[in-house]
Amino acid sequence: KSITIADSVSEIGGNCFLGCCSLQNVTLPKSLTMISPGLFNNTSITTIVIPDSVTEINQGAFKNCTKLQSVVFPESLTLIGYHAFECCNALTDLVFPKSLRKIDKGAFKECKSLKTVTFSTGLKRIHDYAFENCTNLQSVVFPESLTSIGWTAFEHCDALTDVVFPKSLQKIDFGAFRECKSLKTV
């Protein structure tokens with residue numbers, strides 16, 4: 001149910017714990033520089049603290065971790081990869097670090113319990129369908145650094161009522177807020 005990975009480990013291969021359905025608690029090493037693709041996909045992790053040494057969370061790293069309730073991102077993080085947290089249905093709140101520059105395609109797609117997202121200055125791009133079908137997401141305030149919102153990035157965010165765009169925004173792509181049925185203020 002629990003694992004602690006020694007601080008001497010700097011790399012853990014992709015899909016290493018994929019499908020370990022009983023895995024609930026993980027302590028990652030302080031020397032880890034990235035979260036590999038599919039690393040904890042389809043596990044029962046409830047909380048994860050990403051070490052300060054990590055700069056990237058790669059594709060599908062926590063996909064289908066349906067019991068994941070809390071993620072603590074480090075100030076070193078620059079990238080959240082493709083579908084990294086897709087279908088993490090127990091996540092309710094996210095606070096991103098100032099170091100984060102890019103949220104990739106489908107990173108938080110179908111996180112149906114997600115209610116609040118706090119973006120920090122530094123974020124440049126939210127890629128295609130990054131928050132699509134986050135049906136309980138209520139309000140979004142983008143940072144002044146944001147330049148681009150991708151295709152269907154917030155499509156079907158049914159509870160979304162308010163969006164505040166920064167002056168830095170240059171592109172809102174096709175269907176970015178399509179089917180946001182409660183959207184009242186932009």
Side-chain angles (χ1 to χ4, degrees), residues 1-127 129-131 134 137 140-147:
K1 290 190 174 200
S2 297
I3 58 168
T4 298
I5 301 169
D7 283 337
S8 60
V9 176
S10 61
E11 185 177 331
I12 303 169
N15 298 326
C16 190
F17 299 102
L18 184 142
C20 293
C21 299
S22 295
L23 184 59
Q24 295 176 350
N25 300 302
V26 175
T27 302
L28 295 171
K30 294 175 185 173
S31 55
L32 195 64
T33 57
M34 73 167 183
I35 305 294
S36 298
L39 186 58
F40 295 106
N41 188 332
N42 202 26
T43 63
S44 295
I45 293 173
T46 57
T47 301
I48 191 77
V49 176
I50 310 292
D52 289 335
S53 52
V54 171
T55 59
E56 298 180 6
I57 298 173
N58 285 292
Q59 63 266 22
F62 295 93
K63 185 176 180 180
N64 295 318
C65 290
T66 58
K67 295 180 181 176
L68 183 62
Q69 298 171 6
S70 173
V71 180
V72 177
F73 296 108
E75 282 300 326
S76 56
L77 187 67
T78 60
L79 169 70
I80 297 176
Y82 299 103
H83 306 281
F85 292 90
E86 182 177 351
C87 295
C88 290
N89 291 325
L91 280 177
T92 57
D93 304 293
L94 295 171
V95 177
F96 295 114
K98 292 176 184 173
S99 58
L100 186 63
R101 299 293 177 258
K102 181 176 165 184
I103 298 174
D104 226 327
K105 294 178 181 174
F108 295 93
K109 181 179 179 181
E110 307 250 356
C111 290
K112 296 194 183 267
S113 296
L114 190 59
K115 290 181 181 178
T116 63
V117 175
T118 303
F119 297 105
S120 292
T121 300
L123 183 64
K124 299 279 185 202
R125 185 156 191 205
I126 298 172
H127 274 269
Y129 48 94
F131 292 90
C134 291
L137 186 61
V140 178
V141 178
F142 297 109
E144 284 301 322
S145 56
L146 189 69
T147 59

Visitor: Please find the pair of heavy atoms, one from G122 and one from S145, that lie closest to each other, and give the distance.
Guide: N-OG, 2.8 Å

Visitor: Do F17 and I3 make a side-chain contact, defined as non-hydrogen atoms from C-beta onward lying under 4.5 Å apart?
Guide: yes

Visitor: Is the side chain of D7 donor-acceptor paired with the backbone N or O of P29 at a distance under 3.5 Å, no angle test?
Guide: no

Visitor: After noting the C-alpha distance and the side-chain angles of F108 and V117, does the key distance pass the side-chain contact (heavy atoms from CB on, under 4.5 Å) rule?
Guide: CA-CA 11 Å; F108 295 93; V117 175; over 6 Å; no

Visitor: Could you note down all residue pairs passing side-chain hydrogen bond (donor to acceptor under 3.5 Å, both in side chains) where residues 15-40 supplies at least one of them, sequence neighbours left out?
Guide: S2-N25

Visitor: Calculate, to the nearest 0.5 Å, the distance between atoms CG and CG belonging to L91 and L114 respectively.
Guide: 6.5 Å

Visitor: Could you tell me the separation between the CZ atom of F131 and the CD1 atom of I103, rounded to the nearest 0.5 Å?
Guide: 4.0 Å

Visitor: State, to 0.1 Å, how close L28 and V26 come at their nearest heavy-atom pair, and which atoms those are.
Guide: CD2-CG1, 3.7 Å

Visitor: Report, one line per pair, each donor and acceptor closer than 3.5 Å where one atom sits in a side chain of residues 38-48; sequence neighbours left out.
Guide:
unit_1, atom_1, unit_2, atom_2, d
T43, OG1, F40, O, 2.9
S44, OG, C21, O, 2.4

Visitor: Can you name the nearest heavy-atom pair linking K105 to H127, along with the distance?
Guide: N-CB, 3.5 Å

Visitor: Take F96 and F85, measure what ring pair (Phe, Tyr, Trp, His ring centres under 6.0 Å) needs, and give me the verdict at the end.
Guide: CA-CA 14 Å; F96 295 114; F85 292 90; 8.7 Å; no

Visitor: Can you list everything that forms a side chain to side chain contact (heavy atoms under 4.5 Å, CB included) with V95? Sequence neighbours excluded, please.
Guide: T118

Visitor: Give me the atom names and distance for the closest heavy-atom approach of N58 to E56.
Guide: OD1-OE1, 3.6 Å

Visitor: Does L123 offer a backbone N or O that forms a donor-acceptor pair with the side chain of R125 under 3.5 Å?
Guide: no

Visitor: Quick one: salt bridge (charged side-chain N to carboxylate O under 4.0 Å, His left out) pairs with a partner in residues 81-90, sequence neighbours left out?
Guide: K63-E86

Visitor: Output every pair passing salt bridge (charged side-chain N to carboxylate O under 4.0 Å, His left out) with a member in residues 109-124, not counting sequence neighbours, ordered by first then second residue.
Guide: K109-E132, E110-K112

Visitor: Check residues 64-80 and write down every donor-acceptor pair under 3.5 Å in which the side-chain atom is one partner and the other belongs to a residue at least two apart or another chain.
Guide:
unit_1, atom_1, unit_2, atom_2, d
E75, OE1, K98, N, 3.4
S76, OG, D52, O, 2.4
S76, OG, V54, O, 2.5
T78, OG1, T55, O, 3.1

